[in-house]
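As structure tokens, the structure follows; a few thoughts come after it.
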Amino acid sequence: MKYKLIATDMDGTLLNSEVKVPENNIRSIIDAQKKGITFVLASGRPSFAMRDTAKTLEMEKFGGYIVSFNGGEVINCKTNERIFNQGLTKEEIIAMYNYAQENKISFLTYNDDILYTNSIDEYTKVEAEFTFGKLTIIEDIEKLDFTKTTKCMLLSDPDNLIKHEEILKSSKYVEKLNFARSMPIFLEVTNKDVDKGKTMAELIKLLNIDKSEFIAAGDSYNDIPLLESAGFKVAPSNAKDEIKEMVDYVGVSNNEGIIADLIEKYVD
């Protein structure tokens, strides 16, 4: 099969445990792009927290794409144009904030590189470290501008978060919102019509690429729609067991360079 596009999750897949792109991944991705492969970063991260990685991989030169906010936004790296955005309403964001407040769990949302939160704690600090965003305590959520906000997150210890995920998925909110865990301590909240898979399906249609010509790589629960949207599914050895069971190939770990591994084995 002649593959034309590779889309990968970042944390736990493309990036190693030091949150950096392994050198073998960088070399292989640039070489693949030189051969005409379109490369896509597909992450729950906000767009601003993905641009440096895109630059490292020379995606602006070759015409790659950033799919951020779990599919809520798409950026053309060559033109820096936002070609798709589907966000949350202010009312939905406030509802999730109130839920977090009532249940004494952490809440976080975005406006450019500002991370608005109800608590600067061990959980929200992780997202700030990943994105290099600025944690800012919410004083009056009604006064904030959420016109550019695509997702929010609920954060807690893994067991508590699983409990709240189950509650929310059986609540009235599930009619309009999508809930997906990207990390054990992160429950991402997006528009019901948004996930990585739905957005990738629209992107490959725009690029006139068939599903069978598309490889996707991911390691966690929010990557399931991404993997399901692809013709060939790949996971690193450090992926969740449920992810490894659904893919076509389980390769080396994120620390060893899973993307270089898949390119070496499956890309001409």
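In what follows, residues are counted from 1 in the order of the sequence shown. If you're wondering where the values come from, they're calculated on a predicted model, not measured in any experiment.
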Do [X] and [Y] have side-chain atoms, one donor and one acceptor, less than 3.5 Å apart?
| X | Y | answer |
| --- | --- | --- |
| Asn118 | Gln101 | yes |
| Arg51 | Asn80 | yes |
| Thr147 | Asp145 | yes |
| Asn254 | Thr13 | no |
| Asp11 | Ser182 | no |
| Asp261 | Tyr249 | yes |

Check the pair Phe39, Phe62 against ring-ring contact (aromatic ring centres under 6.0 Å, His included), reporting the backbone distance first and the verdict last.
CA-CA 8 Å; Phe39 196 74; Phe62 296 105; over 10 Å; no

Cluster check [X], [Y]: I/L/V/M/F/W/Y, side chain < 4.5 angstrom:
| X | Y | result |
| --- | --- | --- |
| Leu15 | Phe132 | no |
| Tyr123 | Tyr97 | no |
| Tyr221 | Phe186 | no |
| Tyr116 | Tyr99 | yes |
| Ile93 | Val174 | no |

Ring centres under 6.0 Å, that's the criterion: do [X] and [Y] meet it?
| X | Y | answer |
| --- | --- | --- |
| Phe69 | Tyr110 | yes |
| His164 | Phe179 | no |
| Tyr3 | Phe214 | no |

Hey, what do you get for [atom1] ([X]) to [atom2] ([Y]), rounding to the nearest 0.5 Å?
| X | Y | atom1 | atom2 | result |
| --- | --- | --- | --- | --- |
| Ser220 | Ile243 | OG | CD1 | 6.5 Å |
| Thr149 | Leu144 | OG1 | CG | 8.5 Å |
| Phe48 | Asp112 | CZ | CG | 8.0 Å |
| Lys233 | Glu228 | NZ | CD | 7.5 Å |
| Ile75 | Met59 | CD1 | CE | 11.0 Å |
| Leu161 | Glu166 | CG | CD | 10.5 Å |

Pairwise side-chain contact, [X] with [Y], heavy-atom cut-off 4.5 Å (strictly under):
| X | Y | result |
| --- | --- | --- |
| Lys196 | Asp223 | yes |
| Met96 | Leu177 | yes |
| Ile29 | Leu14 | yes |

Below 4.0 angstrom, N of the basic side chain to O of the carboxylate: do [X] and [Y] qualify?
| X | Y | answer |
| --- | --- | --- |
| Lys176 | Glu92 | no |
| Asp219 | Lys240 | no |
| Lys78 | Glu60 | no |
| Glu165 | Arg181 | yes |
| Lys198 | Glu202 | no |

Give the minimum heavy-atom separation between Thr53 and Met10, together with the two atoms involved.
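Scanning both residues, the minimum pair turns out to be OG1-CE, 3.4 Å.
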
So, for Leu88 and Val189, which heavy atoms are closest and what is the spacing to 0.1 Å?
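Scanning both residues completely, I find the closest heavy atoms to be CD1-O, 3.7 Å.
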
Flag, side chain of Asn191 to backbone of Thr150, donor-acceptor distance under 3.5 Å:
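Side chain of Asn191 to backbone of Thr150: no pair is present.
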
Under the side chain to side chain donor-acceptor pair (under 3.5 Å) test against Asn222, which residue among Asn70, Asp195, Asp9 passes?
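Exactly one pass, corresponding to Asn70.
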
Against Ser106, only a single residue in Thr117, Thr124, Asp121 fulfils side chain to side chain donor-acceptor pair (under 3.5 Å); can you say which?
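When side chain to side chain donor-acceptor pair (under 3.5 Å) is applied between Ser106 and each of Thr117, Thr124, Asp121, only Asp121 qualifies.
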
Evaluate the criterion side-chain hydrogen bond (donor to acceptor under 3.5 Å, both in side chains) for residue pair Glu81 and Asn76; output intermediate values, then yes/no.
CA-CA 5 Å; Glu81 176 189 6; Asn76 182 326; 5.2 Å; no

Answer yes or no: are there more than 12 heavy-atom neighbours, outside Lys192 itself, under 6.0 Å from its atom NZ?
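Enclosed.
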
Whether over 12 other heavy atoms sit under 6.0 Å from Lys265 NZ
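Yes, the 6.0 Å shell around NZ holds more than 12 heavy atoms from other groups.
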
